[in-house]
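This is a predicted model, so every value here is computed, not measured.
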Amino acid sequence: VFELSLPAKPTTGHLWEIVDQPDAVAIESWRWDPEGIDPYEPAALDIPIFRVWRMHATEAGEFELTFRCWQPWEGESSIADTFHVFIEAT
């Protein structure tokens, strides 16, 4: 089991999502960190916020996950950032 945290600014409308997820990597849950804060409230503008995924590998191997930060309703031209992570499960 592992967790991945990416910095987020949900008040801008940009959201992180997984673009490429191998079948052997299962998402257990996701949450905002710090917990208990509504990231869409104006008070959240001055607080560092992260989107945290909890995942696990269902088999041994090496896998790559790809994420993008974008405004889904604006399409590909709104991609503000991408993130790739390589996982080795034993």
Side-chain angles (χ1 to χ4, degrees):
V1 175
F2 62 96
E3 288 189 343
L4 175 76
S5 301
L6 293 173
K9 291 197 180 268
T11 55
T12 67
H14 284 85
L15 302 173
W16 282 104
E17 75 172 17
I18 300 174
V19 178
D20 186 22
Q21 177 185 352
D23 292 338
V25 177
I27 297 174
E28 293 181 8
S29 62
W30 74 267
R31 61 181 166 80
W32 295 111
D33 186 39
E35 293 185 54
I37 290 180
D38 183 346
Y40 297 102
E41 289 296 319
L45 288 173
D46 298 326
I47 300 170
I49 296 176
F50 296 86
R51 187 160 182 186
V52 182
W53 289 266
R54 183 176 176 86
M55 304 176 227
H56 70 272
T58 59
E59 61 187 63
E62 296 180 357
F63 311 102
E64 178 183 10
L65 288 166
T66 303
F67 296 80
R68 68 178 165 200
C69 184
W70 72 326
Q71 295 172 320
W73 60 92
E74 293 291 336
E76 298 284 322
S77 65
S78 71
I79 297 173
D81 202 358
T82 57
F83 183 81
H84 301 272
V85 63
F86 296 91
I87 300 156
E88 182 176 352
T90 56

Answer whether the closest heavy-atom distance between the side chains of [X] and [Y] falls below 4.5 Å.
X     : Y     : result
Phe86 : Glu62 : no
Leu65 : Pro22 : yes
Ile18 : Ile27 : yes
Cys69 : Leu6  : no

Original post:
Can you check whether Pro7's main-chain N or O pairs, donor with acceptor, with Trp16's side chain at less than 3.5 Å?
Top reply: yes
Subject >> Main-chain N/O of Ala89 paired to Glu59 side chain as donor or acceptor, under 3.5 Å >> reply: no
**OP:** Classify the angle between the aromatic ring planes of Tyr40 and Trp32 as parallel (below 30°), tilted (30 to 60°) or perpendicular (above 60°).
**Re:** perpendicular
Smallest separation among heavy atoms of [X] and [Y], with atom names:
X     : Y     : result
Ala57 : Phe2  : N-CE2, 4.4 Å
Trp70 : Gly75 : CE3-O, 3.3 Å
Pro10 : Ala8  : CD-C, 3.5 Å
Glu64 : Thr66 : OE2-OG1, 3.9 Å

Would you give the length of the straight line joining atom [atom1] of [X] to atom [atom2] of [Y], rounded to the nearest 0.5 angstrom?
X     : Y     : atom1 : atom2 : value
Ser78 : Arg68 : OG    : CZ    : 8.0 Å
Phe67 : Leu4  : CZ    : CG    : 4.5 Å
Trp53 : Ser5  : CH2   : OG    : 8.5 Å
Leu15 : Trp73 : CG    : CH2   : 6.0 Å
Lys9  : Ile49 : NZ    : CD1   : 8.5 Å
Asp20 : Thr82 : CG    : OG1   : 12.0 Å

**OP:** Kindly work out whether a path of hydrophobic side-chain contacts (I/L/V/M/F/W/Y, heavy atoms less than 4.5 Å apart) joins Val52 to Val85.
**Re:** no
Subject >> Single-linkage hydrophobic cluster, 4.5 Å side-chain cutoff, Met55 and Phe50 together >> reply: no
Original post:
Is the number of heavy atoms from other residues, nucleotides or ligands under 6.0 Å of Asp38 CG greater than 12?
Top reply: yes
